[in-house]
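Accompanying notes for the structure given below.
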Protein chains: 2
Amino acid sequence: MSDDSTPQRPFRDGPSHDALPPVAQHARQYETVRNAHETELIEDYVELIGDLLDHRGEARAADIANRMAVSQATVSKMIRRLNELGLVTSQPYRSLFLTDEGRKMAQTSRGRHDIVLHFLRALGVPDSTARIDAEGMEHHVSDETLAIMQRFTDEKDA
Amino acid sequence: MSDDSTPQRPFRDGPSHDALPPVAQHARQYETVRNAHETELIEDYVELIGDLLDHRGEARAADIANRMAVSQATVSKMIRRLNELGLVTSQPYRSLFLTDEGRKMAQTSRGRHDIVLHFLRALGVPDSTARIDAEGMEHHVSDETLAIMQRFTDEKDA
DNA sequence: CAACCAATTTAGCCTTGGCTAACAATGCGG
DNA sequence: CCGCATTGTTAGCCAAGGCTAAATTGGTTG
């Protein structure tokens with residue numbers, strides 16, 4: 001463990017850099033991101049399925065594959081996983097449905113997504129860019145920040 | 001292809017949902033996120049190595065493992081990858097260095113990271129939360145949005 | 001200078017999330 | 001009601017990014 005015993009070396013003369021955060025805190029940042037990665041794809045699928053159900057009354061694997069730009073095989077495999085996780089129910093060759101838990105996740109995810117999207121628009125980001133950024137950002141924004149974004153958007157719109 | 005021929009079904013009576021984006025655009029959102037995922041870990045490693053070099057004069061595998069909260073074996077494997085990608089140079093059992101390209105990536109990544117972090121703070125997010133969120137968000141913010149964030153922060157600080 | 005401890009690397013395993021190709025079921029048009 | 005296009009599934013491949021355990025190297029210290 002060579003870390004964090006070494007006092008600051010007098011090496012730099014460049015622009016001022018922030019100090020490195022303490023190891024434990026730094027580590028927690030990365031852990032949080034890794035954890036988010038584990039759930040975000042799941043959430044994206046569930047959210048999309050929820051949207052399809054709302055807007056079209058059904059969610060077919062082919063539609064999901066299209067919208068995700070992914071092969072049907074990938075979707076099929078993922079659906080099995082969602083099934084095991086108790087998020088969707090499906091009979092073979094039939095349209096999908098969300099379980100209660102799945103519906104809850106879809107709703108939450110939807111909510112976060114909307115807050116981020118509206119926030120970006122309120123900030124002045126053009127729609128098509130806002131959509132793309134929101135998709136990536138939504139899984140990495142804490143509840144705390146989310147609340148602040150919400151507040152910002154509300155004030156802007158008021 | 002059952003998609004996008006079906007006109008709106010009159011199903012919902014709940015809260016107003018935005019319409020689904022056209023398939024092509026929707027697909028692009030997900031593709032962008034997938035692409036970001038491919039590079040973001042790499043960027044995180046390179047950025048961290050750059051930070052360690054700046055702040056401590058050297059970047060050791062053990063420090064990286066500590067700060068990332070990951071095993072040394074994982075770091076070792078990743079370093080080999082970074083090597084193959086021409087981002088770092090390393091002799092076995094020795095400290096690491098960034099190539100020109102690696103330095104450039106570290107700098108860019110650092111820049112994005114700082115903009116997002118400062119933006120979040122300017123928005124009113126407490127520091128420790130801002131750090132965590134910034135880590136996750138930095139790879140999903142477009143240049144366009146980044147510029148807007150920068151501007152916002154500048155105005156706030158002025 | 002030998003021996004031990006810390007750091008690094010290697011080997012081998014696992015899960016995720018993609019893919020293609022081949023096969024199976026559905027359901028519609030004639 | 002038969003045939004065939006569309007849709008869904010399965011099998012088997014691959015790369016990435018984790019892990020543990022074991023082997024190696026390097027440095028320090030008694």
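A note on names: the letters A, B, ... follow the listed sequences, proteins ahead of strands, and every chain is numbered from 1. Quick note: numbers below take in every heavy atom, side chains included, and nothing from hydrogens, waters or symmetry partners.
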Could you pull out all donor-acceptor pairs under 3.5 Å where a side-chain atom in residues 131-139 of chain A meets a protein atom, sequence neighbours excluded?
from	atom 1	to	atom 2	distance (Å)
Arg131(A)	NE	Asp127(A)	OD2	3.0
Asp133(A)	OD1	Ser142(B)	N	3.4
Asp133(A)	OD1	Ser142(B)	OG	3.4
Asp133(A)	OD2	Ser142(B)	N	3.2
Asp133(A)	OD2	Ser142(B)	OG	2.7
Asp133(A)	OD2	Thr145(B)	OG1	2.5
Glu135(A)	OE1	Gln29(B)	NE2	3.1
Glu138(A)	OE2	His113(A)	ND1	2.6
His139(A)	ND1	Glu43(A)	OE1	3.0
His139(A)	NE2	Asp44(A)	OD1	2.8

Thr32(B) side-chain N/O to Arg28(B) backbone N/O, donor-acceptor pair under 3.5 Å: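 Yes, Thr32(B) side chain to Arg28(B) backbone: donor-acceptor pair under 3.5 Å.
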
Return the residues of residues 70-95 of chain A meeting this criterion: a heavy atom under 4.0 Å from some atom of DNA chain C. Order them by number, or give none.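 Listed by number, they are Val70(A), Ser71(A), Ala73(A), Thr74(A), Lys77(A), Met78(A), Arg81(A), Tyr93(A), Arg94(A).
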
Transitive ILVMFWY cluster of Val33(A), excluding itself - 4.5 Å side-chain cut-off: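 Besides Val33(A), the cluster holds no residue at all.
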
Please enumerate all protein N or O atoms sitting under 3.5 Å from an N or O of nucleotides 1-3 of chain C, with distances to 0.1 Å.
none

Residue-level proximity of residues 30-45 of chain B to DNA chain D when a heavy atom falls under 4.0 Å: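 Correct list: Leu41(B), Tyr45(B).
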
Any residue meeting side chain to side chain contact (heavy atoms under 4.5 Å, CB included) with [X], in chain and number order, not counting sequence neighbours:
X	result
Lys156(A)	Ala122(A), Phe152(A)
Ala130(B)	Leu117(B), Leu120(B), Arg121(B), Val125(B)
Asp114(B)	Arg110(B), His118(B)

Atom CD of Glu58(B) to atom P of dG27(D): distance rounded to whole Å?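 Glu58(B) atom CD is separated from dG27(D) atom P by 12 Å.
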
Restricting to pairs with a member in residues 72-87 of chain B, which pass salt bridge (Lys or Arg N to Asp or Glu O under 4.0 Å), not counting sequence neighbours?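 Output for this query is empty, none listed.
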
Under 3.5 Å, side-chain donor or acceptor atoms of residues 86-94 of chain B against the rest of the protein: list the pairs with distances, not counting sequence neighbours.
from	atom 1	to	atom 2	distance (Å)
Ser90(B)	OG	Asn83(B)	ND2	2.8

Short side-chain N/O contact from Arg60(B) to OP1 or OP2 of dT8(C), under 4.0 Å: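 Yes, within the criterion.
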
Who pairs with Thr74(B) by side chain to side chain donor-acceptor pair (under 3.5 Å), at least two apart in sequence or on another chain?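 Only Ser71(B) meet the side chain to side chain donor-acceptor pair (under 3.5 Å) criterion with Thr74(B).
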
Any pair counted as ring-ring contact (aromatic ring centres under 6.0 Å, His included), so long as it reaches residues 19-40 of chain B, sequence neighbours left out: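 Output for this query lists His37(A)-His37(B), His26(B)-Tyr30(B), His37(B)-His140(B).
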
